[in-house]
Amino acid sequence: MTASRQTVAKNTAAALMREARAAGWARARFEIKPDGSVIVDAGMVDQDSDDNFLASDLRMGK
């Protein structure tokens with residue numbers, strides 16, 4: 001990817017992120033590939049993760 005195409009891709013991603021925040025999206029991830037394809041992972045709610053820990057599970061030692 002040439003420098004000018006990288007600049008265009010970065011500006012496009014920045015604009016998408018700005019608009020996502022303005023729209024109130026809770027999460028947004030944009031991936032622009034060198035071949036011009038775009039992957040968007042966005043939603044109005046955060047995804048639940050399976051790696052939530054309780055404070056009692058974080059003890060060190062015995």
Side-chain angles (χ1 to χ4, degrees):
M1 191 182 289
T2 64
S4 63
R5 288 186 71 194
Q6 286 177 342
T7 303
V8 170
K10 286 180 184 179
N11 289 341
T12 302
L16 289 170
M17 293 299 290
R18 184 174 50 250
E19 293 301 319
R21 288 186 191 115
W25 290 2
R27 63 181 173 83
R29 182 174 73 74
F30 301 95
E31 190 175 328
I32 301 174
K33 303 277 187 171
D35 66 356
S37 61
V38 178
I39 298 173
V40 178
D41 176 23
M44 295 300 285
V45 294
D46 285 327
Q47 289 179 326
D48 291 333
S49 63
D50 293 335
D51 58 1
N52 293 331
F53 296 101
L54 299 174
S56 61
D57 295 335
L58 300 175
R59 292 179 297 169
M60 295 186 69
K62 290 184 177 184

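Because only heavy atoms are used, hydrogens play no part in the values below, and waters and symmetry mates are left out as well, while side chains stay in.
Within the 4.5 Å cutoff, the side chain of Asp41 has heavy atoms near those of the Arg27 side chain.
Distance check, rounded to the nearest 0.5 Å: CD1 of Ile39 to CD of Glu31 gives 4.5 Å.
Taking both residues in full, the closest heavy atoms of Ala26 and Met44 are given as CB-O, 3.4 Å, listed atom of the first, atom of the second, then distance.
Hydrophobic clustering of Ile, Leu, Val, Met, Phe, Trp and Tyr side chains at less than 4.5 Å, counting indirect connections, keeps Val8 apart from Val40.
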